[in-house]
Protein chains: 2
Amino acid sequence: MTAGDSIALQEVGEHPLGYRVVDLMLGGGRCHFLPNTTASSCRADSRDVTKLAQEKYGWTYINSRAEFDDLKSGKNVKLPLLGLFSDTDIPFELDRRNMNDIYPSLDEMARTALAALEAATKDSDKGFFLMIEGSRIDHAGHGNDPAAQVHEVLAYDRAFQSVVDFLDNSDTEGALVATSDHETGGLAVARQLHASYPQYLWYPEVLANASHSAEYLSRALRAHIEKTNESGKKLRHFVENKLVEEGLGVMDATDEEIELVISNPALSAYAFAEIISRRAQIGWSTHGHSAVDVNIYGYAAEALRGNHENIEVGGFLRDYLNVDVDAITSKLNSTSRASSEVSLLAAGMGDQALFGHYEERLQKNLPQ
Amino acid sequence: MTAGDSIALQEVGEHPLGYRVVDLMLGGGRCHFLPNTTASSCRADSRDVTKLAQEKYGWTYINSRAEFDDLKSGKNVKLPLLGLFSDTDIPFELDRRNMNDIYPSLDEMARTALAALEAATKDSDKGFFLMIEGSRIDHAGHGNDPAAQVHEVLAYDRAFQSVVDFLDNSDTEGALVATSDHETGGLAVARQLHASYPQYLWYPEVLANASHSAEYLSRALRAHIEKTNESGKKLRHFVENKLVEEGLGVMDATDEEIELVISNPALSAYAFAEIISRRAQIGWSTHGHSAVDVNIYGYAAEALRGNHENIEVGGFLRDYLNVDVDAITSKLNSTSRASSEVSLLAAGMGDQALFGHYEERLQKNLPQ
């Protein structure tokens, strides 16, 4: 069982304490919820977590845009609600915006969740806690793809604004805290391309010209090769015209750049990303995480204004929500299953291995 | 007249409004104050600004460590005081700490200035404003030298702490605001050295092992070549043993790296910096400036806590000090000399040209 498989089980209630703790989940990652006897599963075992969720823990399960639309922006939600709209990741916003009939946006999911949770807690004095993750900002960083990344950030920003609007319009007191657990890619908005001393500028219009993410174009390349078996001049023509010019919006790719794309289709996403990064003059230092300070953005969360240690974010939320984290931690530590989870992490399923999976998925060309 | 020459004149009082506005200046850059008839001058003209300062504007002028020590940490200061302790830049802290008998530290200068200005304003209700610049953090960024940079930051941090201590111990109300006008180098604390997926780490101990800055070692290399006229195996031996191993603390430099140092002595600082950056796994994207958000650190400056537009820093100081910036701006704009200053900037002496000068100085091997 992979960490992702284990997380899917825990999310629906199958965890050391044995009861459901979440009321609503919307997003991707469906393959971890489906048994490995089905084609779109990525589980290592044959458990059907969607079935377990519904039968043992009482979840309402939906898995399509049509069913999401039936939620009527949160006015028609029966909790607990599990909505999984993609087998793996929901596509980057740069690509998703042209597949809006398949995948809901982060902002739509955020607004739906807020409305549903507000209605469900209107007679409660406990309120609710909602975690909204712009999870693929990180993936765009891993891929060193600045066009994908800026659209992920803007999509997150729209969800952020919806939360601000919600707080402004709600009768109930609330707070918004937005931050990141790390930076990815070593992004630098400045890149010296030549030995001569650089101009101080970058080119955002290059990012605006892109119609697709490097990840999308890499998948398109591999699908095209598989379908047509093209190579040589014909394939170069396809890559240059359909992928680089139409997809990336780059009209001056060099022969070497096109060759790099073709030479390793499995890692062509990196080559596409480099083509656009160079022209935007965006620098990257790694496909992994970096140690730079990350910002905190808040609303009605004055205590977190300024520079803070990361544990202070959790501390603020714990105090604001008045929850006893120590009690639940010691309860979890005392369960027999806790130690096996720890072993799982120690065996290499920790953060780094998890995040490394993006590169693996990128190369394996897993279905969306 | 270069921008630096013009700034030197303005600093002592020779500016459009025609009177002295600064009471104390300590630092480097002496060559801009000396006439081009002297060996250590870098002025384009023959004006002796140190003489002008003393004779026309009443400055006390000192230019040595001994004279600085005579200030008795600020207890023996006669204002206005101009102290210039280096012809060009004061060496990077990484090098300066071994030349403490020549150059005072940033912290020493800060404490001296605070004590002198506090004493001078003890009967005034206007107080004072002190600008302390850790100016060579930027240079280390331009040079992509992480060992030099971390020591510059630590030196600035010591001065910062001295200001905090001063505010804690002073009877007079005060505020501390620390920020930067930009980042330099596109520093990333994470660097992927190989195609394989990176570990999430970096090696601070590599920086701790360095005894000298890349700038210092580059100067040492050029001085050695000039003195000995060595080349080939003998020069490689010197570079490897004396500069890379003893100076940088790097024991495993490759032949290619040593060759790169030797192949272009004028730009060898970049090669030294790259040797140490790779081993510390620190990434850089440019020798110029980047557009990343910079932090604000304050003390008794609550209004600046959190994320702010850069103009809000100036706005806070203007309001805190209760100075009429608009009045002085319109006064400056109405002087006939103002337009010639603007022309000077428009003619390419603006920020970018100024900062580009660090690279030029680095290559020209100007005396310290």
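Order of the sequence lines sets the chain letters (A, B, ...), proteins ahead of strands, with each chain counted from 1.
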Check: Crowded around A:Glu205 CD? As in, over 12 foreign heavy atoms under 6.0 Å?
Finding: yes

Check: Under a 4.5 Å heavy-atom cutoff, which of B:Gly186, B:Gly298, B:Gly283, B:Ser290 has the most pairs with chain A?
Finding: B:Ser290

Next item on the list: Identify the two heavy atoms, one from B:His289 and one from A:Ala190, that lie closest to each other, and give their separation to 0.1 Å.
Entry: O-CB, 3.2 Å

Next item on the list: Taking all heavy atoms of A:Ala188 and all of B:Ser285, pick out the closest pair and write down the distance.
Entry: CB-OG, 3.2 Å

Next item on the list: Using a cut-off of 6.0 Å, state whether more than 12 heavy atoms not belonging to B:Glu173 lie near its atom CD.
Entry: no

Next item on the list: Would you please go through residues 270-279 of chain A and name the residues with a non-hydrogen atom below 4.5 Å from one of chain B, in numerical order?
Entry: none

Check: At a heavy-atom separation under 4.5 Å, does A:Ile296 approach chain B through its side chain, its backbone, both, or neither?
Finding: backbone

Checklist line | Reported CG-to-CG distance for the pair A:Asn307 and B:Asn295, which is rounded to 0.5 angstrom | finding: 4.5 Å

Item checked: salt bridge (Lys or Arg N to Asp or Glu O under 4.0 Å) against A:Glu259, all qualifying residues, sequence neighbours excluded -> A:Arg236

Note to self: Counting heavy-atom pairs under 4.5 Å with chain B, which one of A:His287, A:Arg191, A:Gln281 comes out on top?
What the structure shows: A:His287

Notebook entry, point to check: Which residue pairs satisfy the ring-ring contact (aromatic ring centres under 6.0 Å, His included) criterion with at least one member in residues 294-315 of chain A, sequence neighbours excluded?
Noted result: none

Next item on the list: Apply salt bridge (Lys or Arg N to Asp or Glu O under 4.0 Å) to A:Arg305 and list each qualifying residue two or more places apart in sequence or on a separate chain.
Entry: A:Glu302

